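Working notes for the structure below.
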Protein chains: 2
Amino acid sequence: MLTNSYQEQEKLILQLNEIYRQMSPKFERCTGISQSRLELLHKLMEVDEINQTELRRQVNIDSAAVTRHLKQLDEKGVVSRRKNPEDNRVTFVKLTEAGRSKIERYCKEKENFITQVFKGITDQERAVLSDLLSRVESNVKDIEDEQPIE
Amino acid sequence: MLTNSYQEQEKLILQLNEIYRQMSPKFERCTGISQSRLELLHKLMEVDEINQTELRRQVNIDSAAVTRHLKQLDEKGVVSRRKNPEDNRVTFVKLTEAGRSKIERYCKEKENFITQVFKGITDQERAVLSDLLSRVESNVKDIEDEQPIE
DNA sequence: CATCAATAATTGACCCGTCAACTAATTTAG
DNA sequence: CTAAATTAGTTGACGGGTCAATTATTGATG
């Protein structure tokens, strides 16, 4: 009984991984941009100007990753950066005009994509899903890192 | 109305990504091995000997990734490989004795981990979750890759 | 005020995954 | 029987993420 239940839990974990792994590359092929990069840009859309630490906090990825994304986006002219004159450690980031219009097109594609992902799933079911995922997420957050084997 | 619903869908996608990103590194720190590598080993546990293509098919990751995992596992003495004498293109993989006993310890840690992930979630709720994820997964699979912007 | 601690951002090393190109072995067809 | 297609596995280039170490700047404290 417990064994049976455990195996179902194992399967759920695999499902979560599987969905992520299937979805990420497809998202990128469909929209032309990766999910996390678009998420970064989406945040920038909302705030006009923001420093990297705050951006990192909101998108919740490593600051190293943020730096590299922004560097490339800067080179492509999607984003511009300047130092905070009152504190030379922090750098402000904002979208360029070109970037802004590009993103709109990305978001259009994203909309199609997302619609397809949840095809046939009712509002109510999505609410249930969201609740369950939130609880899982919270459990994951609470897990203490332990000593690995060896 | 539709906008509201859409934003919830967006959030769900973010949640899925978030869980994956949070879980993967934690899993590895807790158990001492990565999820996909343990999944590979788990499969090997069940089948005694198997060729790489079949393994790739079952675990559903790129053959390049499989090759690299097995190469490292081979070097660590967890796994042994030999060519199929009847078809020199295929290579058979199997666990070594040392590997087999190591995996048992990993699985023990994994069990703790998974238990924590689903803490406070009932069997019935897990069943619902599994169903919803399956449907999402199936939708993702059906998405046709389209032309990206530009 | 001079030193030591904290903070923001960057960089390097590494893991994991994809795709595309390549090698080698085996089938298949002409 | 040989040439072309297929198949298994490997490798290289690349994108994305983490952690740990480093740099530069600012803040705090004796």
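Proteins come first, then strands; the chains are lettered A, B, ... in the order of their sequence lines, and each starts at number 1. Just so it is clear, the values below take in all heavy atoms, side chains as well, and ignore hydrogens, waters and symmetry mates. Everything numeric here is computed off the predicted structure, so don't read it as measured data.
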Which of the following nucleotides, D:dT10, C:dC19, C:dC16, is nearest to the side chain of A:R29? C:dC19
Can you measure B:E28 atom CD to D:dT18 atom P for me and round it to whole angstrom units? 13 Å
A:R37 has an atom CZ; how far is it from atom C1' of D:dG15, in whole Å? 8 Å
When the distance from CZ of A:R57 to C1' of C:dT7 is rounded to whole Å, what number comes out? 16 Å
A:D62 side chain: which of D:dT10, C:dT18, D:dT18 is closest? D:dT18
Whole-Å distance between C:dT10 C1' and A:I61 CD1? 15 Å
Nucleic acid contacts - residues 68-83 of chain A versus DNA chain D, non-hydrogen atoms under 4.0 Å: A:R68, A:H69
Please pick, from C:dA25, C:dA9, D:dT10, the nucleotide with the shortest atom-to-atom distance to any side-chain atom of B:S63. D:dT10
Tell me which of A:N60 and A:E86 sits closer to the 5' end of DNA chain D, going by the nucleotide each one is nearest to. A:N60
Side chain of B:R89 only, heavy atoms from C-beta on: which candidate in D:dA8, C:dA9, D:dT10 is closest? D:dA8
A:F27 atom CZ is separated from D:dG15 atom P, nearest whole Å, by 17 Å
Can you figure out which of C:dA25, C:dT10, D:dG9 approaches the side chain of B:N51 most closely? D:dG9
Nearest to the side chain of B:A64, which nucleotide is it out of D:dT11, C:dT10, C:dC15? D:dT11
Pairwise distance CD(B:E109) to CZ(B:F27) - rounded to 0.5 angstrom: 10.0 Å
Within a 6.0 Å radius of atom CD on A:E46, are there more than 12 heavy atoms belonging to other residues, nucleotides or ligands? yes
Looking at A:V78, is its backbone amide N or carbonyl O close enough to the side chain of A:T96 to form a donor-acceptor pair, meaning the two atoms are under 3.5 Å apart? yes
Separation of C:dC15 atom C1' from A:R21 atom CZ, nearest Å, is 14 Å
Rounded to whole Å, CG of B:N84 lies from C1' of C:dT26 at a distance of 12 Å
Close side-chain approach of B:L129 and A:L133, heavy atoms under 4.5 Å: yes
A:Q35 versus A:E39, side-chain donor and acceptor atoms under 3.5 Å: no
Nearest to the A:D87 side chain among D:dT26, C:dC15, C:dT10, which nucleotide is it? D:dT26
